[in-house]
2 protein chains.
Amino acid sequence: MPTPAPAKDPADTSLRKQVYDSLREALTAGRFAPGQKVTFRYVAGALGVSLTPVREALRRLVAEGAFEMHPNRSVRVPLMTRNKVMELRDMRMALEGLAAGKAALLATRDQIAGIRRAAREIIAARSRGDSITDRQKVREFHFALYAAAGQPMLLRVIEGLWLQTGPYMNLLYPDFISSPRGPAGRVKIIEALQARDAASARREIENDIRRALSYVADLADEAGNIAPARPTAGKRRRNTPTGTTAFELQAH
Amino acid sequence: MPTPAPAKDPADTSLRKQVYDSLREALTAGRFAPGQKVTFRYVAGALGVSLTPVREALRRLVAEGAFEMHPNRSVRVPLMTRNKVMELRDMRMALEGLAAGKAALLATRDQIAGIRRAAREIIAARSRGDSITDRQKVREFHFALYAAAGQPMLLRVIEGLWLQTGPYMNLLYPDFISSPRGPAGRVKIIEALQARDAASARREIENDIRRALSYVADLADEAGNIAPARPTAGKRRRNTPTGTTAFELQAH
DNA sequence: CCTCCGGATTTGTGATCACAAAAATGCATT
DNA sequence: AATGCATTTTTGTGATCACAAATCCGGAGG
């Protein structure tokens, strides 16, 4: 039973961790609107826990940049301006390029096989228009690659950057993924791994990230407004749980 | 009055922030021994606050990698192995090189002046053997440079990496800083800024970090894994606590 | 209709309590 | 003296309470 989530620490059953995972999952799944205010008591109510674990989970996500806390001490989902996306793009190019280069030098046969399998599953999902598993497998492909670099601290930082870009990667669908060069880049990466060609692996990853994030950046204007859905102009009266975007809770 | 500390959010007077700053400062000042256990109640007692703000501050530092939490749910100061230092070295080279390159393209005349001033103060402090202000000014030099890149998210990540390497940078003193190429590198960086030469600025920063962190990495086996460690020896567990370094509190 | 101001409500912060897991301690047995 | 086991102490976790700052809301005055 391969769980899609990294499941980094299966032994941690603390409520704090559960809240953290729930929020993180909801964030990457785009279940929070950019700019939306998130109160401690709302999350606590939605998940049926007290404030204590919610505070710690939310604060950690703030420290990781997944949420941001304003001087008015209110927590919101960050708005992405074009400049911010470009900044994340450059950081990701630098670090994921570094990881890909290391991976090319160190990847075992089994690891390469896993990466190739993820690449195949991306093509399969994409061919049948399943954008959900598409995104999931893209993530799997990348992190299987970076894990092969054998640098856990680097992996953590990269995960943090993905968490920040996560909500906005939905914007790549369905238009961007129709681009012809998508699969070709991954093929080249796998070839680079087999050839132990670090420079090539690095270059291909950098190109991949540059293309995708530049595309996203062009969709974000300076105000942080993004094309799809969410007019958001209208004021919300009370943040009754029905008014805001659903943060579907799993009962406890 | 330029306060040496970044003072990112002067308005935040919460106890949590104060505890966070105290711990961070104590950590970079080397007032915690690597591997030392840090309990919530100890910190709370030392600073005269309740557990609540301590928990949140410590957890944030764990999220940032400044401390690490073991599966036994005990918080400790991380031990740096040689591999970890090398990993941090490569990450810092990538990100700080990126920042330096951007800074070369964007730095204003005033910003360059500030960077040059920090460089002069490094030389002054070093010539009179004042390693405390030496380190402080080195930090100032680097972050003035990176701030000129105008990329706040990048700056945050770099700060996180410095926080992790911080306790071990004491190892550079007093031997390493006698190395002849130290001042020359900074001169070249400033020249690169004036010439708007991004590639050169990047290369010089990378060289600087490579030299310093490689030096630390070679010491890490002894410093990180505690002195004894006969390669063939058996258990020899008990990392003699070195008498619990003082975490000097400021009363409240 | 807009602005400003008052109180009522919401919301983050910090302290305290109760509890369970983990570590430390003491004691008896071999 | 060394080892196994039960007890006590320490320590992290989560819930709850009290409080102050921020926000919201409605009405008076322009």
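Letters A, B, ... are given to chains in the order of the sequence lines, protein chains preceding strands, and every chain is numbered from 1. We use all heavy atoms of the structure for the numbers below, so side chains are in, but hydrogens, waters and symmetry mates are not.
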Q. When you look at B/E68 and B/R76, which way does the salt bridge (Lys or Arg N to Asp or Glu O under 4.0 Å) test go after all the steps?
A. CA-CA 6 Å; B/E68 62 184 18; B/R76 312 189 90 95; over 6 Å; no
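Between A/R73 and B/V75, it is B/V75 whose nearest contact on DNA chain D lies nearer the 5' terminus.
Looking at heavy atoms from C-beta onward, B/L88 lies in side-chain contact with A/M153 at the 4.5 angstrom threshold.
Atoms CD (A/Q18) and P (D/dT13) sit 13 Å apart, rounded to a whole Å. Atom-to-atom, CG of B/D12 to P of D/dA21 comes out at 14 Å; the value is rounded to the nearest Å. One atom, CZ of A/F40, and another, P of D/dA20, lie 20 Å apart when rounded to the nearest Å. Rounded to a whole Å, the NE2 atom of A/H70 is 16 Å from the P atom of C/dT11. Taking atom NZ on A/K37 and atom P on D/dA22, their separation rounds to 13 Å, with Å as the unit.
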N/O to N/O distances under 3.5 Å, protein versus nucleotides 14-18 of chain D:
{"residue": "D/dG14", "atom": "OP1", "partner": "A/L15", "partner atom": "N", "Å": "2.3"}
{"residue": "D/dG14", "atom": "N7", "partner": "B/R55", "partner atom": "NH1", "Å": "3.2"}
{"residue": "D/dG14", "atom": "N7", "partner": "B/R55", "partner atom": "NH2", "Å": "3.2"}
{"residue": "D/dA15", "atom": "OP2", "partner": "A/S50", "partner atom": "N", "Å": "2.9"}
{"residue": "D/dA15", "atom": "OP2", "partner": "A/S50", "partner atom": "OG", "Å": "2.4"}
{"residue": "D/dA15", "atom": "O5'", "partner": "A/S50", "partner atom": "OG", "Å": "3.2"}
{"residue": "D/dA15", "atom": "N7", "partner": "A/T52", "partner atom": "OG1", "Å": "2.5"}

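Within the 4.0 Å cut-off from OP1 or OP2 of D/dA21, not a single side-chain nitrogen or oxygen of A/N72 is found.
Salt bridge B/K137/B/E140: present, at least one basic N to carboxylate O contact under 4.0 Å.
A donor-acceptor contact closer than 3.5 angstrom links the side chains of A/Y20 and A/R24.
Applying the side chain to side chain donor-acceptor pair (under 3.5 Å) test to B/D130 and every residue at least two apart in sequence or in another chain returns B/R128, B/T133. Every salt bridge (Lys or Arg N to Asp or Glu O under 4.0 Å) that B/E64 has, sequence neighbours left out, goes to B/R60.
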